[in-house]
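Below you'll find the structure, written out as structure tokens, and then a few comments.
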Amino acid sequence: MTVSTVRANGLDISYRTEGDGPPLILLHGATSMGTHDWGAQRPLLREGFRLYMPDARSHHRTVHDVRQGWSRSDLVDDTLAFADALELPSFHLMGLSMGARTALELASRHPQRVLSVVPISGAIEHDPPASVARRRLDPVAITRDEPAWAAELAKRHDTFQGAGAWQRLALAIREDTEGMEAMSPEALRRIRLPVLLVYGDRDPWVPLEQAVRLKRQLPDGRLLVVPDCGHVVVAERPSVLNPAMMLFLRRARSAG
């Protein structure tokens with residue numbers, strides 16, 4: 001695996017690459033990093049795709065002070081600029097949670113650039129993500145109740161972003177989530193490309209009825225509901241996710 005940096009949208013975006021084949025950009029979840037979320041999928045994916053795993057702004061090695069502003073809209077612009085800087089005219093997209101919303105937004109705004117999308121546990125409505133984020137992304141509560149996670153976040157982010165960066169990042173993501181608007185039916189109908197939606201049936205961020213409603217608004221959407229599973233499907237039930245994911249991507253690659 002190669003670690004590199006590219007200048008895009010005013011950032012020095014850190015990313016990792018591995019594998020051979022058509023480009024597949026993997027977008028991680030909130031407070032995570034480029035490679036962390038995809039450990040159970042990468043060995044399969046890199047056999048058929050060239051994987052690009054960027055760190056989102058203010059995450060890990062992609063330095064950005066959230067006090068200068070932070071929003072999910074910026075993440076969409078960052079991802080497109082990242083692909084432009086690497087001269088990727090078209091690509092497959094896969095995202096987890098925050099990365100899933102970014103992938104859907106990018107596919108809606110620039111469908112001519114995206115070959116297929118696999119959004120996993122992506123929220124497109126305001127509630128319940130706003131209320132869940134209010135509880136889960138409280139730095140004081142994390143430090144008090146989950147010290148191991150707090151230490152992991154400090155090591156992951158503060159090492160590169162500066163002392164206290166993970167607390168500021170959590171608050172910025174929480175604030176953005178609380179103000180997040182739902183994707184409109186018009187925006188979703190613009191995604192005229194193959195989409196595999198993936199949700200756990202016990203995901204507190206996205207109730208199943210929202211997942212079904214999303215699928216019905218996509219012109220070429222499919223929905224995989226993973227049983228006995230929460231939000232982080234990639235780690236909780238890879239035995240269910242991975243075969244469906246690979247079948248979808250192989251078909252999308254052949255069609256492209």
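Along the sequence shown, residues are numbered consecutively beginning with 1. Below, all heavy atoms of this structure are taken into account, side chains as well, without hydrogens, waters or symmetry copies.
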R222 CZ: over 12 foreign heavy atoms closer than 6.0 Å: yes
Quick one: which of M94, M53, R50 gives a side-chain contact (heavy atoms from CB on, under 4.5 Å) with L24? M94
If you apply the rule side-chain contact (heavy atoms from CB on, under 4.5 Å), what do you find for I13 with T5, and how did you get there? CA-CA 5 Å; I13 296 179; T5 302; 5.9 Å; no
Between R42 (side chain only) and A40 (backbone N and O only), is there a donor and an acceptor less than 3.5 Å apart? no
CD/Q68 to CZ/R57 distance, rounded to the nearest 0.5 angstrom? 9.0 Å
Which of these, D78, D77, D176, sits in a salt bridge (Lys or Arg N to Asp or Glu O under 4.0 Å) with R72? D176
If you compare all heavy atoms of A103 against all heavy atoms of L27, which two are closest, and at what distance to 0.1 Å? N-CD1, 4.1 Å
Residue pair S32, H59: steps toward the side-chain contact (heavy atoms from CB on, under 4.5 Å) verdict: CA-CA 7 Å; S32 190; H59 289 69; 5.6 Å; no
Point-to-point distance, once rounded to the nearest 0.5 Å, from NE2 of H110 to CG of D84: 8.5 Å
Quick check against the 3.5 Å criterion: does T62 have a side-chain atom that pairs as donor or acceptor with the backbone of S58? no
All heavy atoms of P204 vs all of V132, minimum pair found to be O-CG2, 3.6 Å
E181 atom CD, over 12 foreign heavy atoms within 6.0 Å: no
Quick one: does V195's side chain get under 4.5 Å of D220's, heavy atoms only? no
Looking at every heavy atom in both M98 and W70, which two are closest together, and how far apart are they? SD-CH2, 3.8 Å
Could you go through T2 and R16, starting from their C-alpha distance and side-chain angles, then the distance that decides it, and tell me whether this counts as side chain to side chain donor-acceptor pair (under 3.5 Å)? CA-CA 5 Å; T2 303; R16 293 151 185 82; over 6 Å; no
To the nearest 0.5 Å, what is the distance between CD1 (I142) and CZ (R136)? 6.5 Å
With a 4.5 Å cut-off on side-chain heavy-atom distances among I, L, V, M, F, W and Y, is there a chain of contacts connecting V240 to W38? yes
Do you reckon V232 sits in the same ILVMFWY cluster as V225, going by side-chain contacts under 4.5 Å, direct or chained? no
Any side-chain heavy-atom pair from P139 and W166 closer than 4.5 angstrom? yes
Measure the spacing between CZ of R237 and CG of D201 and express it to the nearest 0.5 Å. 8.5 Å
Shortest non-hydrogen pair, T177 vs A133, comes out as CG2-CB, 3.7 Å
Distance-only, no hydrogens or angles: does the T79 side chain make a donor-acceptor pair with backbone N or O of L75 under 3.5 Å? yes
Give a yes or no on whether L188 and L208 share a hydrophobic cluster (residues Ile, Leu, Val, Met, Phe, Trp, Tyr; joining criterion: side-chain heavy atoms under 4.5 Å apart). yes
I'd like to check L51 versus T17 (side-chain heavy atoms, cut-off strictly below 4.5 Å). Are they in contact? no
Please round to the nearest 0.5 Å and tell me the distance separating atom OG1 of T31 and atom CZ of R174. 13.5 Å
Would you indicate whether the side-chain heavy atoms of L223 and V212 approach each other to under 4.5 Å? yes
Identify whether the distance between the nearest side-chain nitrogen and carboxylate oxygen of R101 and E105 falls below 4.0 Å. yes
Please indicate whether E175 has more than 12 foreign heavy atoms, meaning atoms of other residues, nucleotides or ligands, lying under 6.0 Å from its CD. no
Are L197 and L93 joined in one hydrophobic group, where the rule is that I, L, V, M, F, W and Y side chains link up if heavy atoms are under 4.5 Å apart? yes
Hey, is R202 close enough to E236 for a salt bridge, meaning N to O under 4.0 Å? no
Within 45° cone of F49 ring axis and under 6.0 Å: R253 NZ or CZ: yes
Start with the C-alpha distance between L153 and L169, add both sets of side-chain angles, then the distance that settles side-chain contact (heavy atoms from CB on, under 4.5 Å), and finish with yes or no. CA-CA 10 Å; L153 291 173; L169 175 62; over 6 Å; no
Distance-minimising heavy-atom pair for A235 and P238: O-CD, 3.5 Å
Hey, what do you get for CZ (R109) to CD (Q112), rounding to the nearest 0.5 Å? 12.5 Å
Check step by step if side-chain contact (heavy atoms from CB on, under 4.5 Å) holds for V233 and Y199. CA-CA 7 Å; V233 180; Y199 292 94; over 6 Å; no
Any donor-acceptor N/O pair, N9 side chain to L11 backbone, under 3.5 Å: no
Indicate yes or no for a side-chain donor-acceptor contact from D55 to the backbone of M33 under 3.5 Å, with no hydrogens or angles considered. no
Taking the side chain from R61 and the backbone from S14, do they hold a donor-acceptor pair closer than 3.5 Å? no
Could you tell me whether the side chain of H157 and the main chain of A165 form a donor-acceptor pair under 3.5 Å? no
L26 with V114, same ILVMFWY side-chain cluster at under 4.5 Å: no
Does some side-chain heavy atom of L45 sit less than 4.5 Å from a side-chain heavy atom of L249? yes
Pair up each side-chain donor or acceptor in residues 116-129 with any protein partner under 3.5 Å, not counting sequence neighbours, and list the distances.
unit_1, atom_1, unit_2, atom_2, d
S116, OG, H92, ND1, 2.7
S121, OG, H231, O, 2.5
E125, OE1, R213, NH2, 3.2
E125, OE2, R213, NE, 3.1
E125, OE2, R213, NH2, 2.9
H126, NE2, E178, O, 2.6

Is there a side-chain contact between V206 and L214 (heavy atoms, below 4.5 Å)? no
Is there side-chain contact between L224 and L196, with heavy atoms separated by less than 4.5 Å? yes
Which pair of heavy atoms, one from R113 and one from L88, lies closest together, and at what distance? NH2-O, 2.8 Å
Validation row, ring centre H28 to ring centre H36 under 6.0 Å: no
Keeping the roles fixed (side chain from R46, backbone from M1), state whether a donor-acceptor pair exists under 3.5 Å. no
Under-4.0 Å salt bridge between K155 and E152: no
Side-chain touch F91/L115, heavy atoms, less than 4.5 angstrom: no
Test item: S4 side-chain N/O and Y15 main-chain N/O as donor-acceptor pair under 3.5 Å: no
Counting N and O atoms only, with roles assigned by atom type, does the side chain of Q41 sit under 3.5 Å from a partner on the main chain of N242, one being a donor and the other an acceptor? no
